[in-house]
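Notes for the one structure printed next.
Order of listing sets the numbers, starting from 1, for every ligand and every atom in it.
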Amino acid sequence: MTEAGGTEAGGRRAIVVGGSMGGLFAGLLLRRAGWEVVICERAGEALASRGAGIVTHPELHEAMVAAGADPGDALGVEVEGRIVLDRDGTALCRMELPQILTSWGRAYRFLRAACPDGIYRHGKALARIDQAPGRVTAHFADGTAETGDLLVAADGILSTARRQLLPSAEPAYAGYCAWRGLVDEDELSPAAHDRLLRHVAFCLPPREQMLGYPVAGANEDIRPGHRRFNFVWYRPVDRETGLRHLFTSADGRDYGTAIPPHRIREDVIAGMRADADQLLAPEFAEAVRRTRSPFLQAIFDLETPAMAVGRVALLGDAAFVARPHVGMGVTKAAGDAMALVRALGTAPDIDAALAAYDAERREYGARVIRRARHLGAYMQAQVLSDDERAQAERHRSPEAVMTETAVSTGLERW
Ligand SMILES: Cc1cc2nc3c(=O)[nH]c(=O)nc-3n(C[C@H](O)[C@H](O)[C@H](O)COP(=O)(O)OP(=O)(O)OC[C@H]3O[C@@H](n4cnc5c(N)ncnc54)[C@H](O)[C@@H]3O)c2cc1C
């Protein structure tokens, strides 16, 4: 085994595990605060976008500026507001709400460009963590190790660090899945383009929700004419037969809750497209029809009982994963990193800083989860009693969905 690191005289050293959004935010902010940083990413090569959209909030922009990855006014595509479409395409309601939507790949590019290659290591899969008073060692699958004063676990929903330190916290299936897809804007008819590219648009079939918005196109291009329309269609799927039906490939392999897009069966995709024609506004049905490679995502809740264990800080999806209705995944990871570095700069020592971080961000994460559960409750396949379902159904009004989905304000009420 080779070991790198150890605390330098007077300096503070952080090992960041995971080099996606959360890890990059943490690494860049710590470095700017004077820490020696190494970011250890499992993937052997540059991370590639899954191609789907993300909603941005002002807090995300602020964190990018603080991290030295200022996107200026080029983070994404601006829409003018929101619109809810009925099955026949009638606009049920509208709301003015300018918002920037982007692709994961575009936001990642700004952060990665701000990160010197020397501190970012590929092919480093965390296997195990050892702790001694005041120090922490990360052991990697390739036999190497890194030691420091702090380990930031930004290794996502299936976090190796969390599974070792807090094994009781596991993702829980929410009872529904999302069909997702992208279509180049020039493939949409003028009528669909006009409605779908200027808004965050919704359609609300019984116990389902379709929403879509423009995002960057090929090569993360945000110029008009080069963008894509991105949709997310939530549908109840029961845990046993429903999941098995959707996630089993043509050769009979059951992929559980994560199937590569090219393994989804033709009949499953054809059924989904036929349902789109039956259930959705014509603009959305058209977008579904023209999407070449739709993909499936099962929806989970994950809640950690602690965000700091010894000298390990959990961050981003490693700690809390909320249903996507809050549109907070990347912004929450950025906010965690900002709070961690702020606490390290103001608390008397690292242990006090981690205690402060744990208190602040655990409460915040729990609020995000509660709000997201509430927003998605009416779509759950089999988890709710009739009473609970009736409660949840009341929340399904077009106005409520339109005003509460993917906004970062009002969290204090949860
Ligand atoms: C390649 C990629 C594409 C994505 N695309 C989208 C998208 O299009 N839309 C969207 O809404 N969200 C997307 N996400 C998820 C989104 O980034 C997160 O929901 C959110 O930003 C929180 O980020 P995170 O850094 O906490 O977790 P994640 O983004 O999940 O990152 C976790 C990172 O840790 C690494 N990792 C995992 N285990 C280990 C280990 N044992 N050792 C070392 N490293 C490890 C993973 O390879 C990954 O890079 C994507 C994530 C990735 C990794």
Checklist entry - Heavy atom of Ala161 under 4.0 Å from ligand 1? => result no
Checklist entry - Arg180 to ligand 1: N or O pair under 3.5 Å? => result no
Next on the checklist: Can you name the atoms of ligand 1, numbered from 1 with element, that are less than 4.0 Å from a heavy atom of Ile54?
Outcome noted: 9 (N), 10 (C), 11 (O)
Next on the checklist: Just by distance, no angles: are the side chains of Tyr255 and Arg263 close enough, under 3.5 Å, to form a donor-acceptor pair?
Outcome noted: yes
Next on the checklist: Tell me whether Arg253 at atom CZ has more than 12 heavy atoms from other residues, nucleotides or ligands lying less than 6.0 Å away.
Outcome noted: no
Checklist entry - What part of Lys332, side chain, backbone, both or neither, has a heavy atom within less than 4.0 angstrom of ligand 1? => result neither
Item to check | Results of side chain to side chain contact (heavy atoms under 4.5 Å, CB included) for Ala66 - residues two or more places apart only | outcome: Leu29, Met338
Checklist entry - Which one of Ala334, Ala154, Gly18 has a non-hydrogen atom at the shortest distance from atom 32 (C) of ligand 1? => result Ala154
Next on the checklist: Give the atom numbers and elements of ligand 1 that come within less than 4.0 Å of a heavy atom of Gly53.
Outcome noted: 9 (N), 11 (O)
Item to check | CG-CZ distance between Asp142 and Arg42, expressed to the nearest 0.5 angstrom | outcome: 13.5 Å
Next on the checklist: Check Asp184 with Arg228, please: is the shortest side-chain N to carboxylate O separation under 4.0 Å?
Outcome noted: yes
Next on the checklist: Regarding ligand 1, does Gly22 bring an N or O atom to under 3.5 Å of one of the ligand's N or O atoms?
Outcome noted: yes
Item to check | Ionic contact status for Arg289 with Asp277, cut-off 4.0 Å | outcome: yes
Checklist entry - CG of Asp251: more than 12 outside heavy atoms within 6.0 angstrom? => result yes
Next on the checklist: Distance under 4.0 Å to a non-hydrogen atom of Asp317: what atoms of ligand 1 satisfy this?
Outcome noted: 18 (C), 19 (O), 20 (C), 22 (C), 26 (O), 27 (O)
Next on the checklist: Heavy atoms only, cut-off 4.0 Å: how does Ser159 contact ligand 1, side chain, backbone, both, or neither?
Outcome noted: neither
Item to check | From His122, Glu41, Lys124 - option closest to atom 47 (O) of ligand 1 by heavy atom | outcome: Glu41
Checklist entry - At under 4.0 Å between heavy atoms, which part of Val17 makes contact with ligand 1: side chain, backbone, both or neither? => result side chain
Checklist entry - With atoms numbered from 1 as shown, which atoms in ligand 1 lie under 4.0 angstrom from a non-hydrogen atom of Gly156? => result 27 (O), 30 (O), 32 (C)
Item to check | Arg235 and Gln209: side chain donor to acceptor below 3.5 Å | outcome: no
Next on the checklist: Looking at Arg12 and Asp149, is there a salt bridge between them, counting it only when a charged N and a carboxylate O are closer than 4.0 Å?
Outcome noted: no
Checklist entry - Any idea which part of Thr160 is under 4.0 Å from ligand 1, heavy-atom wise: side chain, backbone, both or neither? => result side chain
Item to check | Ligand-side contact atoms (ligand 1) for residue partner Cys40, heavy atom cut-off under 4.0 Å | outcome: 43 (C), 44 (N)
Checklist entry - So, are Lys124 and Glu146 salt-bridged, with charged N and O less than 4.0 Å apart? => result no
Checklist entry - Is it the side chain (CB and beyond), the backbone, both or neither of Leu47 that lies under 4.0 Å from ligand 1, heavy atoms counted? => result side chain
Checklist entry - With backbone taken as N, CA, C and O and side chain as the heavy atoms from C-beta onward, which portion of Leu126 lies under 4.0 Å from ligand 1: side chain, backbone, both, or neither? => result both
Checklist entry - Between Arg290 and Glu187, does at least one N-O distance fall below 4.0 Å, as a salt bridge requires? => result no
Checklist entry - Numbering the atoms of ligand 1 from 1, which are under 4.0 Å from a heavy atom of Gly316? => result 26 (O)
